[in-house]
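Encoded as structure tokens, the structure appears first; notes follow it.
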Amino acid sequence: MSAGRQAYNRGMFDAVLRFLADEVNAFMLRRTGDSEQVRMVPSRLVNEQGNPVVADGSLAISLFQIEEERALREPLPERVVQQGRELQRPPPLRLNLLVVVAARVAAYDVALARLALAVRCFHAKPVHTPADSPGLPPGLASQHFHDGVQVGSVLRVKAPAGQFFIDPEDDTPAVLIAGGIGITPLLCMLKTCLLRKPQRALHLFYGVRNGSEQAFRPALQQLAAQHPALRLTVAYSRPAEHERQGRDYQHRGHLDVALLQRSLGAGRHLYYLCGPPAMMQSLVPALLASGVPQQDLHYEAFGPATVPAAAVTAASASASTRSEPLELRFQLSGRTLLWDGRDASLLDFAERQGVALESACRSGGCGTCETRVLQGEVVYAQRPMHEIAPGHCLLCVGRPATALVLEA
Ligand code: FES
């Protein structure tokens with residue numbers, strides 16, 4: 001390999017390692033909230049003399065080996081037509097980078113926790129592409145299905161679970177609030193209600209950035225035109241230059257309680273929300289604070305749910321008022337830790353301490369995080385949706401009432 005080519009590759013892989021280090025640092029910051037944390041830097045591990053060169057108080061990421069992987073779905077070069085000429089594009093190149101991560105931190109348990117977080121970051125986002133936006137994990141499930149699932153693959157599946165459904169026979173006015181692709185389940189609810197009880201008052205509030213993100217536009221317009229009992233409000237938070245209020249959308253800005261209160265009449269309403277975490281985190285607590293009873297509020301976050309954690313935090317004063325630390329033993333993980341009350345749930349606490357646990361919905365709906373309670377008592381701010389087996393608990397929505405020994 002020529003010296004120029006070698007220098008080019010070195011530069012490219014330095015950039016990749018910098019990118020990966022940034023990803024891990026952003027991940028650790030999100031998980032720990034600690035900006036003073038031990039940070040990862042691209043670095044050699046030893047110098048020519050074989051002496052360690054990792055800076056004190058840091059994690060180092062270093063390239064160990066590179067493997068090229070060209071066995072993708074399309075074995076033949078892809079043919080494309082560009083400006084009238086047919087070109088052949090080679091299949092995309094994918095590289096497996098084997099990296100070594102080392103910690104040089106005085107406190108052994110801190111080093112261990114940071115290394116565990118780094119590993120979790122790569123589990124959470126195993127594939128990186130140049131088009132990635134740092135800090136935004138891609139759809140892990142769809143990526144897994146694209147890359148790893150073929151005809152003949154054996155999948156472990158769970159039955160559908162959750163309580164996010166509407167009673168189509170109920171007459172109570174319903175308010176459906178969707179953000180982005182969260183419109184998908186709400187559209188099904190809407191159609192079912194319109195079919196079964198077309199006279200029921202229905203309000204659909206649909207928030208997106210602008211028309212380029214608005215799904216099902218013709219279908220929704222048609223439903224609104226056909227059903228006088230349906231009131232459709234589309235909100236654009238950042239309308240494009242050519243988009244006009246009143247023609248393309250009804251409200252400029254995010255969906256909020258003030259808009260709902262202006263638009264809805266007096267009387268009881270049932271609320272159904274589905275959208276991205278930011279929308280759920282702002283709207284669910286705001287609706288509760290505005291006096292909507294908990295039992296009239298139904299929601300499902302699109303992606304790992306963060307609303308219940310926030311709700312638990314708010315309710316934590318009553319759920320776990322103890323200020324003294326509690327000893328928590330995670331049996332299978334072999335860790336004994338002190339609960340300091342800072343976290344919304346046992347799962348958040350364990351992850352912050354570098355204990356890797358299985359989870360999915362993070363909102364008490366699926367049972368993935370269910371584990372046996374060997375000793376002690378777990379409390380919940382509100383009854384979880386998932387039916388918990390006797391002697392077990394849900395880590396994602398539970399908090400300790402006493403010292404605990406958990407099987408996880
Ligand atoms: S992760 Fe789904 S119930 Fe805890």
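In this text the structure is predicted, and so the values were computed from the model without any measurement. Quick note: numbers below take in every heavy atom, side chains included, and nothing from hydrogens, waters or symmetry partners. Numbers here simply count residues along the sequence, with the first being 1. Remember, it's 1-based here, ligands and their atoms both numbered in the order they're listed.
Aromatic ring centroids of F164 and H298 lie 6.0 Å or more apart.
Of the possible polar contacts, one joining the R104 side chain to the V54 backbone as a donor-acceptor pair under 3.5 Å is found. For T371 (side chain) and L406 (main-chain N/O), no donor-acceptor pair under 3.5 Å exists by modelled atom type. Not a single donor-acceptor pair under 3.5 Å links the side chain of R329 to the backbone N or O of L374.
At the shortest separation from atom 3 (S) of ligand 1 among protein heavy atoms lies G367 N, 3.2 Å.
Residue side and main chain included, C366 places no N/O/S atom under 2.8 Å of atom 4 (Fe) of ligand 1. Taking 2.8 Å as the criterion, H386 does not count as a coordinating residue of atom 4 (Fe) of ligand 1, since none of its N, O or S atoms falls below it.
Short contacts between ligand 1 and C396, defined as distances under 4.0 Å to a heavy atom of the residue, involve ligand atoms 1 (S), 3 (S), 4 (Fe). Close approach to G365 involves these atoms of ligand 1, each under 4.0 Å from a residue heavy atom: 3 (S). Near G364, the atoms of ligand 1 lying under 4.0 angstrom from a non-hydrogen atom of the residue are 3 (S).
With D348 as the partner, the salt bridge (Lys or Arg N to Asp or Glu O under 4.0 Å) test is satisfied by one option alone out of R399, R342, R362: R362. In summary, of the residues considered (Q245, H254, Q214, Q250), a side-chain hydrogen bond (donor to acceptor under 3.5 Å, both in side chains) with Y236 occurs for Q214 alone.
Heavy-atom distances between R362 and ligand 1 reach below 4.0 Å in at least one pair.
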